[in-house]
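Step one of this worksheet: look at the structure below.
Keep in mind that this is a model prediction, so the values were computed, not measured. Order of listing sets the numbers, starting from 1, for every ligand and every atom in it.
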Amino acid sequence: MSQPSVRDLHMAKPGEEFRIKDVDPAEVRLPVGKREGKDALKTDRQELVRLQEILYAEGKQAVLIVLQAMDTGGKDGVIRHVVAGVNPQGCIVTPFKVPTPEELAHDYLWRVHKAVPPRRMIGIFNRSHYEDVLVVRVHNLVPKAVWSKRYDQIAAFEKHLAENGVTILKFFLHISKEEQKERLEERLHDPNKQWKFSVGDLKERELWDDYMAAYQDMVNLTSTKWAPWYVIPANRNWYRNLAVGRILLETLREFNMQYPAPKDDLSGIVIPD
Ligand code: ADP
């Protein structure tokens with residue numbers, strides 16, 4: 001398939017106004033259907049696996065993937081489908097939950113900085129420091145005077161990381177409220193999915209509009225040249241996975257990585273019997 005840059009298709013361009021209602025969560029922006037899209041992801045994954053191996057071998061840089069979404073938005077699905085097959089040794093997934101007392105006693109970026117992947121690794125944040133301008137804002141967990149300063153702080157933190165060898169890819173997986181209803185109903189009625197259902201998710205759902213406002217501000221205030229947001233229409237799982245995988249692939253391709261030279265002079269070496 002010869003195709004446009006998927007980064008261009010989904011990037012919230014820094015400096016341009018982003019309006020959440022301009023993104024249709026059911027949209028498919030590549031000229032493919034479901035079957036072709038799934039096949040394309042399989043092919044992409046083979047290349048991803050190869051490039052991750054070189055990233056690991058070369059050891060020069062890290063990749064940080066940030067996943068944010070409403071409940072049922074597909075963060076776990078992306079982790080399962082996109083990263084499937086890459087060497088687990090080169091990958092670290094960090095979920096961010098309600099902060100512990102120790103975490104709360106520190107500044108909110110303390111736990112985040114500790115989880116940033118080292119060079120050679122791909123780190124995936126399942127939720128992230130952005131919860132500190134999402135759930136924290138929507139529930140007034142700290143005063144506005146405190147959370148409103150965090151956008152600039154986060155942008156500065158990410159700039160620091162980007163200038164120190166960490167390439168940051170931020171994905172907002174955007175589902176519609178109707179789609180969330182269907183997914184919650186499925187969880188509620190399928191005994192194999194009930195473990196994922198939490199009554200608390202319904203309270204968050206009631207706050208949908210507040211969350212959308214918080215997501216919109218988050219994208220507008222923290223989509224930067226060094227760490228742009230990609231807003232991925234996520235009602236269709238196959239498209240969500242394809243788009244995220246492609247953006248990761250486009251990024252890794254641009255690194256122009258090389259396997260490192262051997263540590264020793266190997267000429268003339270024969271492995272003894
Ligand atoms: P997930 O929904 O990601 O699969 P959980 O059901 O354990 O995992 O949810 C994690 C919860 O932790 C979410 O409700 C999220 O909003 C909350 N959380 C994460 N970070 C923070 C934070 N900094 N402050 C308050 N709550 C947070």
Intermediate values then yes/no, side chain to side chain contact (heavy atoms under 4.5 Å, CB included), Y230 and R7: CA-CA 7 Å; Y230 297 98; R7 281 181 295 182; 3.4 Å; yes
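In summary, the side chains of T167 and Q61 do not present any donor paired with an acceptor at a separation below 3.5 Å, with no hydrogens or angles considered. When only modelled atom types and interatomic distance are considered, Q180 and R205 share a side-chain donor-acceptor pair under 3.5 Å.
Aromatic ring orientation, H174 versus F172: tilted (interplanar angle from 30° to 60°). Ring geometry, H139 versus Y211: the interplanar angle exceeds 60°, so the pair is classed perpendicular (tilted spans 30 to 60°).
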Does ligand 1 have any N/O atom under 3.5 Å from a protein N/O, and what are those pairs and their distances?
unit_1, atom_1, unit_2, atom_2, d
ligand 1, 2 (O), R127, NH2, 2.7
ligand 1, 3 (O), K75, NZ, 3.0
ligand 1, 3 (O), R127, NE, 2.6
ligand 1, 3 (O), R127, NH2, 3.4
ligand 1, 7 (O), K97, NZ, 3.0
ligand 1, 8 (O), K97, NZ, 3.3
ligand 1, 12 (O), V98, N, 3.1
ligand 1, 16 (O), E131, OE1, 2.9
ligand 1, 20 (N), K97, O, 3.3
ligand 1, 20 (N), R111, NH2, 3.1
ligand 1, 23 (N), R111, NH2, 3.3
ligand 1, 23 (N), D132, OD1, 3.1

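Relative to the six-membered ring of Y56, R120 meets both conditions, a distance below 6.0 Å and an angle of at most 45° to the axis.
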